[in-house]
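Right, one structure below, let's go through it.
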2 protein chains.
Amino acid sequence: MLAIMKEIPDRLTIGELSARSGMAASALRYYEELGLISSTRTAGGQRRYARATLRRVAFVRAAQQVGLSLDEAREAMARLPADRAPNAREWSRVARRWEARVEERIAELQRLKERLGGCVGCGCLSLQKCRLYNPGDQVAERGPGPRHLIEDVPLSS
Amino acid sequence: MLAIMKEIPDRLTIGELSARSGMAASALRYYEELGLISSTRTAGGQRRYARATLRRVAFVRAAQQVGLSLDEAREAMARLPADRAPNAREWSRVARRWEARVEERIAELQRLKERLGGCVGCGCLSLQKCRLYNPGDQVAERGPGPRHLIEDVPLSS
DNA sequence: CCTTGACCTCAAGCACACTTGAAGTAGCAG
DNA sequence: CTGCTACTTCAAGTGTGCTTGAGGTCAAGG
């Protein structure tokens, strides 16, 4: 189990990287074109990726989940070594920026969740009167309904 | 303050809706084309929106944040009345589906956050040995670094 | 009434993130 | 050495979510 693992080769073909990362080969070529990942070439011109590339691809996927563009992901990764795993110092520099972003996004969603569930959750079914979600009572609309759950964010800045 | 509020008219022009929703007028026309919102027309053919449309636009924005496409947003809103605020029953039906989605997304991000902060946060700087993030010790790569923070999700399904 | 700014339609364009297709080459198993 | 699959490049196409521009009309203040 230790000796004969001809899987996990040192340099991955694009097909192997694709299989292991879950990204289409075309997407990986695209990423390389954008400078998100890099490869060496064989004598015949085929790409070979360092295994660390797997981590970079995963990083990109994660970045996209947080709402970063590929360009922003590239910027973030510029601080990480391309060909080896990052050390603690390198990693924490990058991770800290990320955490802020992730937390921001989590907070955003939690606010949304509150607005969604609030009135229904608070059990007040005569929704017009709910001070919690009708602050200042400045709702001028007829008809029942949890007006302030989703509505009219001023955006006055 | 109650009498002379000629703001908050009953039917909004596209410009007013744009200003109050923060969406460009072109985007609102696009939404209307897709059936996300609707309008009546003046004799001259200009759009006039019910104020409830403001809520629908906000709903769309929120939906996008959660990762829904405009098409999915339209589907979700199909269960809400187009021209008035939803009542509690109508609202809770829709909100419940949403909450699941939002929570799912929050959970996703929190998992990501843990993977990001984990090793750095746990204070273990000789990262090779960290059992927490190096489970089973099956890492075959040279060099230091928090390998399992971001790497090689098998995706074997 | 007249001007002016907000509105109208329709077609085209754009940015992002890829995918697809054509035509050809590399590399490995037998 | 053959044959087959995985690879190569380059150009063009796709889907989503809009924006822009041309050419024209509406509606409200002066």
Side-chain angles (χ1 to χ4, degrees), chain A residues 4 6-7 9-50 53 56-77 155, chain B residues 4 6-50 53-54 56-77 155:
Chain A
I4 314 179
K6 73 175 206 177
E7 278 81 20
D10 236 46
R11 316 235 86 213
L12 303 169
T13 66
I14 196 168
E16 288 162 342
L17 183 59
S18 168
R20 291 176 55 96
S21 69
M23 297 295 299
S26 59
L28 295 173
R29 286 194 201 97
Y30 179 63
Y31 286 178
E32 191 170 338
E33 198 182 323
L34 296 190
L36 288 159
I37 58 178
S38 60
S39 62
T40 54
R41 299 299 182 113
T42 62
Q46 297 198 355
R47 289 172 178 82
R48 290 298 181 268
Y49 294 99
T53 308
R56 285 179 84 87
V57 174
F59 192 103
V60 172
R61 285 173 77 83
Q64 286 183 303
Q65 289 216 345
V66 189
L68 298 187
S69 67
L70 292 182
D71 231 60
E72 291 172 307
R74 183 164 42 76
E75 241 180 83
M77 284 198 303
L155 285 179
Chain B
I4 313 178
K6 72 174 206 180
E7 279 81 22
I8 314 189
D10 236 47
R11 317 233 85 216
L12 303 168
T13 66
I14 197 168
E16 289 162 342
L17 184 58
S18 168
R20 290 176 56 96
S21 69
M23 298 294 300
S26 59
L28 296 172
R29 287 194 201 98
Y30 179 63
Y31 286 177
E32 192 171 337
E33 197 183 325
L34 296 190
L36 287 159
I37 59 178
S38 61
S39 62
T40 55
R41 298 297 182 113
T42 63
Q46 297 197 357
R47 290 172 178 82
R48 290 298 181 270
Y49 295 99
T53 309
L54 222 33
R56 285 179 82 87
V57 174
F59 192 104
V60 173
R61 284 174 77 83
Q64 286 184 302
Q65 290 217 344
V66 189
L68 299 187
S69 68
L70 293 182
D71 230 59
E72 291 172 305
R74 183 164 41 77
E75 242 180 84
M77 284 198 303
L155 285 180

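A, B, ... follow the sequence lines: proteins, then strands. Residue 1 opens every chain. Reckoned from all heavy atoms, side chains included, excluding hydrogens, waters and symmetry mates.
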Can you tell me the distance, in whole Å, between the CD atom of A/Gln46 and the P atom of D/dC4?
18 Å

Answer whether the closest heavy-atom distance between the side chains of B/Leu70 and B/Gln64 falls below 4.5 Å.
yes

Nearest-Å distance, CZ (A/Arg41) to P (D/dT8)?
6 Å

Separation between CZ (A/Arg47) and CZ (A/Arg41), nearest 0.5 Å, reads 4.0 Å

Hey, does B/Thr53 have a side-chain heavy atom less than 4.5 Å from the side chain of B/Leu12?
no

Value in whole Å for how far the P atom of C/dA17 lies from CD of A/Glu32
17 Å

I want to check something: taking the side chain as every heavy atom from C-beta on, are A/Thr13 and A/Gln46 in contact at a cut-off of under 4.5 Å?
no

Would one find a side-chain N or O of B/Thr13 under 4.0 angstrom from OP1 or OP2 of C/dC7?
yes

What does A/Ala24 touch in the nucleic acid at a heavy-atom separation under 4.0 angstrom: a base, only the sugar-phosphate, or nothing?
sugar-phosphate

Picking from D/dC7, C/dA26, D/dC18, the nucleotide nearest the side-chain atoms of A/Ile14 would be D/dC7

Could you work out which one of D/dC18, C/dA17, D/dA27 sits closest to the side chain of A/Gln64?
C/dA17

Phosphate OP1/OP2 of D/dT9 contacted by A/Arg47 side-chain N/O (<4.0 Å)
yes

DNA chain D: B/Arg48 or B/Asp71, which has the more 5' nearest nucleotide?
B/Asp71

A/Ser39 and side chain to side chain contact (heavy atoms under 4.5 Å, CB included): which single residue from A/Glu32, A/Arg11, A/Arg48 fits?
A/Glu32

Figure out the CD/P separation between B/Glu16 and D/dA27, and round it to whole Å.
14 Å

In terms of the nearest nucleotide of DNA chain C, which residue is placed more toward the 5' end: A/Leu70 or B/Arg29?
B/Arg29

In terms of the nearest nucleotide of DNA chain D, which residue is placed more toward the 5' end: B/Gly45 or B/Ser69?
B/Ser69

Sorted by position of nearest nucleotide on DNA chain C, 5' first, the leading residue of B/Tyr49 and A/Leu68 is B/Tyr49

Rounded off to whole Å, could you give me the CZ-to-P distance for the B/Arg74 and D/dG17 pair?
11 Å

Phosphate OP1/OP2 of C/dG27 contacted by A/Thr42 side-chain N/O (<4.0 Å)
yes

Rounded to whole Å, the CG-P distance (B/Leu12 to C/dA6) equals 16 Å

Hey, is the side chain of B/Tyr31 poking within less than 4.0 Å of OP1 or OP2 on D/dG17, counting only N and O atoms?
no

Nearest-Å distance for atom pair CG/P, residues A/Leu36 and C/dC16
13 Å

Starting from P on C/dA15, measure out to CG on A/Leu34 and report it in whole angstrom.
14 Å

